Amino acid sequence: MVLLYIIFSVYILAVNFYAVILIKTQREDYGGDDKPAGDGKLILTAILGGALAIYVSMFVMRYRLNNILLMIILPVIAVLNVWFFFLAFRSGFTFFVVN
């Protein structure tokens with residue numbers, strides 16, 4: 001059981017680290033312009049668990065702040081991520097185990 005907690009914690013950290021690196025590389029590649037390339041990667045990374053890191057990184061690095069789609073979707077996905085992580089840790093991952 002402890003192994004599941006460790007694996008899940010490492011997964012959360014890895015996805016959030018990737019999210020910050022993704023924002024940094026996209027900002028460097030596009031020079032901070034508002035180009036539509038990369039929205040798919042950002043949303044997929046957010047759904048996989050990195051929404052909070054993407055949202056905070058966008059403000060810290062001042063990247064695509066006037067994109068209304070990302071400013072609405074990312075907080076919603078972040079709340080769902082935090083809720084899912086909370087449920088997973090609280091339940092002891094019992095909904096993942098098949099009897």
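Position 1 is the first residue of the sequence, and the numbers go up from there. Note that the coordinates shown come from a computational prediction; the quantities given were computed from them, not determined experimentally.
- Separating the CZ atom in F85 from the CG atom in L80 is a distance of 10.5 Å, to the nearest 0.5 Å.
- The side-chain hydrogen bond (donor to acceptor under 3.5 Å, both in side chains) check on K41 picks up nothing, with sequence neighbours excluded.
- Closest of all the heavy-atom pairs between A53 and A19 is CB-CB, 4.0 Å.
- Each of I54, N67, L52 was scored for a side chain to side chain contact (heavy atoms under 4.5 Å, CB included) with L74, with one residue passing: I54.
- Atoms CG and CG, from D39 and L44 in turn, are 12.5 Å apart once rounded to the nearest 0.5 Å.
- Of the possible donor and acceptor atoms, none in the side chain of Y63 sits under 3.5 Å from a partner among the backbone N and O of S57.
- Looking only at side-chain heavy atoms (C-beta outward), I23 and R64 stay at 4.5 Å or farther from each other.
- Relative ring orientation between F89 and Y5 is described as parallel, the plane-to-plane angle staying below 30° on a 0-90° scale split at 30° and 60°.
- R27 places a side-chain N or O within donor-acceptor distance of the main-chain N or O of M61, the cut-off being under 3.5 Å.
- Classified by interplanar angle (parallel below 30°, tilted 30° to 60°, perpendicular above 60°), the ring pair F59/Y55 is perpendicular.
- Residues L48 and I7 do not share a hydrophobic cluster, defined by chaining ILVMFWY side chains whose heavy atoms lie under 4.5 Å apart.
- Under the side chain to side chain contact (heavy atoms under 4.5 Å, CB included) rule, I12 has a single partner from V10, N16, V15, which is N16.
- A 4.5 Å side-chain heavy-atom check between Q26 and L42 finds at least one atom pair inside the cut-off.
- Shortest non-hydrogen contact noted between A46 and I77 is O-CG2, 3.3 Å.
- Put simply, F84 and L13 are part of two different groups of oily side chains (I, L, V, M, F, W, Y) that touch within less than 4.5 Å, one to the next.
- Looking at heavy atoms from C-beta onward, I43 lies in side-chain contact with L70 at the 4.5 angstrom threshold.
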